[in-house]
Amino acid sequence: MTNEQPAETFTVEEIVAVNPYNPDILNDLEVFVNEQVSSQAYNLDANLSLLRLYQFEPERLSVQIVARILIKALMAMPAPDFSLCLFLIPEHVQMEEQFKTLIVLSHYLETGRFRQFWDEASKNHNILEVVPGFEQAIQHYAIHVLSLTYQKVPRPVLAEAINIEGLALDKFMEYHAANSGWVIEKGGRSQLIVLPRNEFNHPELKKNTADTVPFEHITRIFPVLS
């Protein structure tokens with residue numbers, strides 16, 4: 001009698017790291033996208049591998065899965081993930097209405113046009129609501145953008161950027177005052193939120209170095225172009 005060795009099992013991340021172009025893992029990668037959505041996790045490398053496999057087997061492309069990948073990529077801003085993913089999606093797929101909407105939303109976020117973003121998002125709630133945590137991720141990105149621009153941000157500007165008003169905004173500000181170093185000041189007719197100092201809203205803090213592209217962004221671009 002021979003002793004059979006138990007089959008070795010690998011996680012999706014391990015499979016992608018070893019052989020990202022193996023068409024046999026396509027179904028596993030699709031399942032993994034849905035797991036990322038339900039667990040509010042994120043793995044760009046696995047999602048890029050799936051989009052590459054769709055290029056080799058376009059008949060297996062799932063529009064629903066691609067939409068979820070792009071929404072998760074939007075949630076990762078300011079990282080360039082959305083553009084990296086979009087580069088791998090066929091043009092005729094991008095022309096479908098839901099993808100044109102996501103591209104418009106991406107443009108609004110990249111240009112800091114938050115009022116237009118939230119207006120467009122509200123019109124397309126059915127596309128975005130399938131991915132939990134979307135609104136909170138975009139609010140986090142909006143605060144990031146404000147922190148690069150303002151030393152003191154007026155309450156109405158904050159309200160517009162994160163799409164929160166009234167008592168909900170009061171609680172939001174109180175939370176960040178307690179946990180994120182915000183200071184709330186009374187300024188004229190409105191409140192001012194003093195944001196933590198950084199080298200962008202306080203240029204005197206900036207180190208005397210040449211502007212560089214983060215290395216992690218470069219390492220993500222090269223596999224896409226290969």
Side-chain angles (χ1 to χ4, degrees), residues 33 36-37 40 42-52 54-55 58 61-150 153-154 156-165 169 172 195 198 200-201 211-214 216-225:
V33 170
Q36 292 175 60
V37 170
Q40 297 193 43
Y42 183 57
N43 189 307
L44 174 65
D45 291 335
N47 295 345
L48 290 175
S49 293
L50 177 55
L51 294 176
R52 291 192 197 96
Y54 281 153
Q55 288 185 317
L61 184 146
S62 166
V63 171
Q64 180 188 68
I65 292 294
V66 172
R68 293 184 174 191
I69 288 175
L70 286 180
I71 294 171
K72 294 291 286 186
L74 273 182
M75 294 166 63
M77 292 187 72
D81 299 11
F82 187 87
S83 296
L84 297 178
C85 293
L86 196 65
F87 181 80
L88 297 172
I89 298 171
E91 186 174 349
H92 73 275
V93 176
Q94 295 184 32
M95 293 307 295
E96 295 192 20
E97 278 306 314
Q98 63 177 327
F99 296 118
K100 289 196 289 187
T101 295
L102 292 174
I103 291 170
V104 168
L105 291 175
S106 171
H107 176 68
Y108 285 152
L109 290 177
E110 289 173 353
T111 54
R113 297 160 66 183
F114 294 112
R115 179 190 298 172
Q116 291 92 329
F117 170 84
W118 292 114
D119 287 345
E120 187 69 22
S122 67
K123 298 174 187 174
N124 295 277
H125 186 65
N126 60 312
I127 299 174
L128 305 171
E129 66 181 355
V130 298
V131 181
F134 178 79
E135 185 173 306
Q136 292 79 4
I138 302 305
Q139 289 168 345
H140 181 78
Y141 169 69
I143 291 171
H144 166 76
V145 172
L146 292 178
S147 72
L148 302 182
T149 310
Y150 289 91
V153 57
V157 174
L158 174 65
E160 179 179 290
I162 63 176
N163 198 38
I164 301 178
E165 295 180 332
L169 180 58
F172 187 91
L195 300 175
N198 59 64
F200 297 98
N201 63 16
D211 292 335
T212 58
V213 178
E216 62 176 300
H217 291 181
I218 297 176
T219 57
R220 286 179 174 178
I221 292 172
F222 281 130
V224 173
L225 299 178

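Because the structure is predicted, anything quoted here is derived from the model rather than measured. Only heavy atoms go into these numbers, but all of them, side chains included; no hydrogens, no water, no symmetry mates.
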Undergrad: If we check side-chain contact (heavy atoms from CB on, under 4.5 Å) with Tyr54, which of these qualifies: Val93, Ile65, Leu88?
TA: Ile65
Undergrad: Within the 4.5 Å heavy-atom criterion, are Gln64 and Val130 side-chain neighbours or not?
TA: no
Undergrad: Pick out which of Arg52, Lys72, Gln36 makes a side-chain hydrogen bond (donor to acceptor under 3.5 Å, both in side chains) with Asn47.
TA: Gln36
Undergrad: Identify the two heavy atoms, one from Gln40 and one from Gly133, that lie closest to each other, and give their separation to 0.1 Å.
TA: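 Smallest interatomic distance, heavy atoms only, reads OE1-CA, 3.8 Å.
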Undergrad: How far does CD of Gln116 sit from NE2 of His107, to the nearest 0.5 angstrom?
TA: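 If I round to the nearest 0.5 Å, the distance is 9.0 Å.
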Undergrad: Mind checking what makes salt bridge (charged side-chain N to carboxylate O under 4.0 Å, His left out) contact with Glu91, not counting sequence neighbours?
TA: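 Applying salt bridge (charged side-chain N to carboxylate O under 4.0 Å, His left out) to Glu91 gives none.
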Undergrad: Considering residues, nucleotides and ligands other than Glu165, do more than 12 of their heavy atoms fall under 6.0 Å from its CD?
TA: no
Undergrad: I'd like to know whether Val66 forms a side-chain contact (heavy atoms from CB on, under 4.5 Å) with Cys85, so could you lay out the CA-CA distance, the side-chain angles of the two residues, the decisive distance to 0.1 Å, and finally the verdict.
TA: CA-CA 9 Å; Val66 172; Cys85 293; over 6 Å; no
Undergrad: Looking at CD1 of Ile103 and OH of Tyr108, how far apart are the two atoms once the value is rounded to the nearest 0.5 Å?
TA: 13.0 Å
Undergrad: What residues form a ring pair (Phe, Tyr, Trp, His ring centres under 6.0 Å) with Phe172, not counting sequence neighbours?
TA: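 Result, ring pair (Phe, Tyr, Trp, His ring centres under 6.0 Å) vs Phe172: His176.
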Undergrad: I need the minimum non-hydrogen distance between Tyr42 and Ala76, along with the two atoms involved.
TA: CE2-CB, 3.8 Å
Undergrad: Which pairs pass salt bridge (charged side-chain N to carboxylate O under 4.0 Å, His left out) with one or both residues in residues 110-135, sequence neighbours excluded?
TA: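 Sorted pair list: Arg115-Glu160.
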Undergrad: Can you name the side-chain contact (heavy atoms from CB on, under 4.5 Å) partners of Pro154, sequence neighbours left out?
TA: Tyr150, Pro156, Val157, Leu192
Undergrad: Under 3.5 Å, side-chain donor or acceptor atoms of residues 140-147 against the rest of the protein: list the pairs with distances, not counting sequence neighbours.
TA:
| residue | atom | partner | partner atom | Å |
| --- | --- | --- | --- | --- |
| Tyr141 | OH | Leu109 | O | 2.9 |
| Ser147 | OG | His144 | O | 2.6 |

Undergrad: I need the Ser106 OG to Ile71 CD1 distance, nearest 0.5 Å.
TA: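 The CD1 atom of Ile71 is 12.5 Å from OG of Ser106, to the nearest 0.5 Å.
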Undergrad: Report the C-alpha separation of Leu169 and Ile162 in whole Å, then their side-chain angles, then the decisive distance to 0.1 Å, and conclude whether the side-chain contact (heavy atoms from CB on, under 4.5 Å) test is met.
TA: CA-CA 9 Å; Leu169 180 58; Ile162 63 176; 3.8 Å; yes
Undergrad: What residues form a side-chain contact (heavy atoms from CB on, under 4.5 Å) with Asn163, not counting sequence neighbours?
TA: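 Applying side-chain contact (heavy atoms from CB on, under 4.5 Å) to Asn163 gives Trp118.
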Undergrad: Which pair of non-hydrogen atoms, one from Arg68 and one from Val33, has the smallest distance, and what is that distance?
TA: CB-CG1, 4.1 Å
Undergrad: Give, for atom OG1 of Thr101 and atom CG of Asn124, the distance between the pair rounded to the nearest 0.5 Å.
TA: 4.0 Å
Undergrad: One pair to check against side-chain contact (heavy atoms from CB on, under 4.5 Å): Ile89 and Ile69. What are the steps and the verdict?
TA: CA-CA 11 Å; Ile89 298 171; Ile69 288 175; over 6 Å; no
Undergrad: I'd like to check the side-chain contact (heavy atoms from CB on, under 4.5 Å) partners of Ala67; sequence neighbours left out, ordered by chain and number.
TA: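 Residues passing side-chain contact (heavy atoms from CB on, under 4.5 Å) with Ala67: Gln98, Phe99.
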Undergrad: Quick one: closest heavy-atom pair of Leu74 and Ile138, and the distance?
TA: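 The pair with the smallest heavy-atom distance is O-CD1, 4.0 Å.
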Undergrad: How long is the span from the CG atom in Leu102 to the CG atom in Leu86, to the nearest 0.5 Å?
TA: 9.5 Å
